[in-house]
Amino acid sequence: MRSDVAVIGAGPAGCAVAIALRSAGVAVTLVGQGRQGRIRMGESLPAEARPMLGRLGIGEEFAFAGHVPSPGIASAWATANLAFRDAFTAPLGGGWLIDRDRFDAGLVQAARSAGATVIEGPRVTAVRREAGGWRLSIGSLRRRGATPPPQGRDELGARFVVDATGRGGVLARRHGAPRHADRLMCAFAVLPRLPRPLVARRAVIESAEHGWWYGADIGEERTVAGLFSDPDVIRRTSATGPRGWHDLLRRTLHVSGLFGRLDPPSDVRTVPAASHCLTRLYGEGWAAAGDAASAFDPLTSAGVYTALRSGADVAAGVREALDGRYDALAVHQRRTQARYTSYLLRRRDYYGMEARWPGAPFWLRRAGPLFEPGAAG
């Protein structure tokens, strides 16, 4: 099969690219990476996403069905006291605590409704140049739950490829070396919901000796809690195991209060959460969108919104690139890299506010220069 544009990765950025291109009449094939059904961290989505989703033609009743409306964030940072940041006074009001699997599935359905060809389940195993574009090999079509490409074919031809595969950046990293700021990762578990009335429906952030904790209601009587830290710290504190993770959670003052008496979880999962930005976000016949291009610290609470915005911007650039003009993608690259540099400065200042554990490796590393490659191996 063949398409004008192949989008690899069916998260917020990839779906935004596919939906925006279809609205311009471009033939798009969206290839998922087999993430549906996998337990993931819950995330918050700010109200600023409303106009973005509106521009993509996605109504709130569709995008936010079943997600938890949130009035703001509660945080204990640089102090043991809990402070509240409410969104009621913001122009667009409050946001949501979202279940990423449900939210992403809704975006995939929106892309399908917009006319994109959607291949879910199998992974892209190879991407290679060919005359007039690219050839993608799509692997293991026999996996349970996989939706094979039309007519059972396992190859896809495209004039242009968008890498929206997240922090891994399977195609983009071949062409643009990433600039790393850290190696942050998260050890998290999904737990029964037992929220305190004071912080119900708010994401709770709390700094601790070994990193910082996030807790949030994700609906369906479930709450997610995660420790964000460096890989070596997580290993040394045994936070990859249920008992070690549970012991660290119990030491928190506020996040632990979301759950009351709680036994160790049955499973703790780890996911990368490092900050990075590629030195090159596009080239002849390809572009990177979302976390494949640049990724920010989850402290910003803007990951999904930033991915949607990136996807819409990349789609506008791809429309021009199909006609041989790359000016819009060049502007997108400059803006993305400028935002990343500005973010690094804010990130350094924010981490620098926490001075209660000056000798702890996690905080000591973040008191140093902007870029710390290899600091947390």
For this session: Using a 4.5 Å cut-off on heavy atoms from C-beta on, say whether the side chain of Arg55 contacts that of Arg50.
Result: no
Seminar exercise, completed: Taking every heavy atom of Ser229 against every heavy atom of His210, the minimum-distance pair comes out as OG-O, 2.5 Å
Exercise. Should Trp357 and Trp212 be marked as a ring-ring contact (aromatic ring centres under 6.0 Å, His included) after you check the CA-CA gap, both sets of side-chain angles, and the distance that decides it?
Worked result: CA-CA 12 Å; Trp357 302 281; Trp212 58 273; over 10 Å; no
Problem set entry | Spacing of Leu156 atom CG and Ile138 atom CD1 [to the nearest 0.5 Å] | 5.0 Å
Seminar exercise, completed: Closest non-hydrogen atoms of Ala225 and Leu191, given as atom of the first, atom of the second and distance, are CB-CD1, 4.2 Å
Problem set entry | His246 and Val268, any side-chain heavy atoms less than 4.5 Å apart | no
Exercise. Is the backbone of Thr165 close enough, under 3.5 Å, to the side chain of Asp163 for a donor and an acceptor to pair up by distance?
Worked result: yes
For this session: Kindly say whether Val233 contributes a backbone atom to a donor-acceptor pair with the side chain of Thr237 at under 3.5 angstrom?
Result: yes
Problem set entry | Trp77 and Trp363 aromatic ring geometry - parallel, tilted or perpendicular at 30°/60° bounds | perpendicular
Determine all donor-acceptor pairs shorter than 3.5 Å in which one atom belongs to a side chain in residues 306-313; sequence neighbours excluded.
unit_1 : atom_1 : unit_2 : atom_2 : d
Thr306 : OG1    : Ala302 : O      : 2.7
Ser310 : OG     : Gly290 : N      : 2.8

For this session: Give the minimum heavy-atom separation between Ser207 and Arg356, together with the two atoms involved.
Result: OG-NH2, 2.9 Å
For this session: Can you establish whether the number of heavy atoms outside Arg236 located under 6.0 Å from its atom CZ is more than 12?
Result: yes
For this session: Check the pair Ser137, Arg128 against side-chain hydrogen bond (donor to acceptor under 3.5 Å, both in side chains), reporting the backbone distance first and the verdict last.
Result: CA-CA 9 Å; Ser137 297; Arg128 60 187 183 276; 3.1 Å; yes
Exercise. Tell me, do Val314 and Val318 make a side-chain contact under 4.5 Å, heavy atoms counted?
Worked result: yes
For this session: Look at atom CZ of Arg250 and say whether more than 12 heavy atoms of other residues, nucleotides or ligands are closer to it than 6.0 Å.
Result: no
For this session: Would you check, one step at a time, whether the test side-chain contact (heavy atoms from CB on, under 4.5 Å) holds for Thr240 with Thr270?
Result: CA-CA 7 Å; Thr240 55; Thr270 58; 4.0 Å; yes
For this session: Start with the C-alpha gap between Asp104 and Arg102, add the side-chain angles, then the distance that decides, and say whether salt bridge (charged side-chain N to carboxylate O under 4.0 Å, His left out) holds.
Result: CA-CA 6 Å; Asp104 287 6; Arg102 185 186 299 134; over 6 Å; no
Problem set entry | Arg366 charged N/C atom sitting above Phe362 aromatic ring, 6.0 Å / 45° | yes
For this session: Would you indicate whether the side-chain heavy atoms of Met185 and Val271 approach each other to under 4.5 Å?
Result: no
For this session: Apply side chain to side chain donor-acceptor pair (under 3.5 Å) to Glu130 and list each qualifying residue two or more places apart in sequence or on a separate chain.
Result: Arg2, Arg135
Problem set entry | Polar contact flag, side-chain donor to acceptor under 3.5 angstrom, Thr341-Gln337 | no
For this session: For the pair Glu120 and Arg112, find out whether any cationic side-chain nitrogen is under 4.0 Å from an anionic carboxylate oxygen.
Result: yes
Problem set entry | Residues Asp297 and Tyr350: side-chain donor-acceptor under 3.5 angstrom | no
For this session: Report yes or no: does Glu206 contribute a side-chain atom to a donor-acceptor pair with the main-chain N or O of His254 at less than 3.5 Å?
Result: yes
Exercise. Does Ser238 have any side-chain contact (heavy atoms from CB on, under 4.5 Å) partners at least two apart in sequence or in another chain, and if so, which?
Worked result: none
Problem set entry | Within-4.5 Å side-chain heavy-atom neighbours: Leu107 and Phe103 | yes
Seminar exercise, completed: What one should report as the nearest heavy-atom pair of Pro298 and Leu184 is CD-CD2, 3.9 Å
Problem set entry | Basic-acidic side-chain contact under 4.0 Å: Arg365, Asp182 | no
For this session: Measure from the side-chain N and O atoms of Thr252 to the backbone N and O of Leu249, and report whether any donor-acceptor pair falls under 3.5 Å.
Result: yes
Seminar exercise, completed: Sorted by chain and residue number, the ring-ring contact (aromatic ring centres under 6.0 Å, His included) partners of His175 (sequence neighbours excluded) come out as Trp286
Seminar exercise, completed: Rounded to the nearest 0.5 Å, the OG1 atom of Thr279 sits from the CZ atom of Arg173 at a distance of 10.5 Å
Problem set entry | Asp349 and Arg347 ion-paired at < 4.0 Å | no
For this session: Nearest 0.5 Å please: distance from the OH atom of Tyr340 over to the CG atom of Leu345.
Result: 11.0 Å
Problem set entry | Note, Asp263 side chain near Pro242 side chain (heavy atom, < 4.5 Å) | no
For this session: May I ask you to decide whether Asp247 forms a salt bridge with Arg251, counting only side-chain N to carboxylate O separations under 4.0 Å?
Result: yes
Exercise. Would Leu344 end up clustered with Leu278 when hydrophobic side chains under 4.5 Å apart are linked, directly or stepwise?
Worked result: no
Exercise. Between the side chain of Ser113 and the main-chain N/O of Gln109, is any donor-acceptor distance below 3.5 Å?
Worked result: yes
Exercise. Glu354 side chain to Ala78 main-chain N or O, any donor-acceptor pair under 3.5 Å?
Worked result: yes
For this session: Kindly work out whether a path of hydrophobic side-chain contacts (I/L/V/M/F/W/Y, heavy atoms less than 4.5 Å apart) joins Phe84 to Trp213.
Result: yes
Problem set entry | Pairwise side-chain contact, Val127 with Trp134, heavy-atom cut-off 4.5 Å (strictly under) | yes
Exercise. Below 4.5 Å, heavy atoms only, C-beta onward: do Ile73 and Val204 meet side chain to side chain?
Worked result: no
Seminar exercise, completed: In short, Tyr282 meets Ala330 closest at the heavy-atom pair OH-CB, 3.4 Å
Exercise. Ion pair present between Arg167 and Asp291, side-chain N to carboxylate O less than 4.0 angstrom?
Worked result: yes
Donor-acceptor contacts under 3.5 Å from residues 11-31 side chains, at least two apart:
unit_1 : atom_1 : unit_2 : atom_2 : d
Arg22  : NE     : Ala114 : O      : 3.3
Arg22  : NE     : Gly115 : O      : 3.4
Arg22  : NH1    : Val26  : O      : 2.9
Ser23  : OG     : Ala20  : O      : 2.6
Thr29  : OG1    : Ser3   : OG     : 3.4

Exercise. Among the clusters formed by ILVMFWY side chains lying less than 4.5 Å apart, do Leu281 and Leu171 turn up in the same one?
Worked result: no
For this session: Please identify each residue that fulfils side chain to side chain donor-acceptor pair (under 3.5 Å) with Tyr343, with sequence neighbours left out.
Result: Ser275
Exercise. Are side-chain N/O atoms of Ser294 and Arg339 paired as donor and acceptor at under 3.5 Å?
Worked result: no
Problem set entry | Minimum heavy-atom distance Gly285-Arg129, with the two atoms named | CA-NH1, 4.5 Å
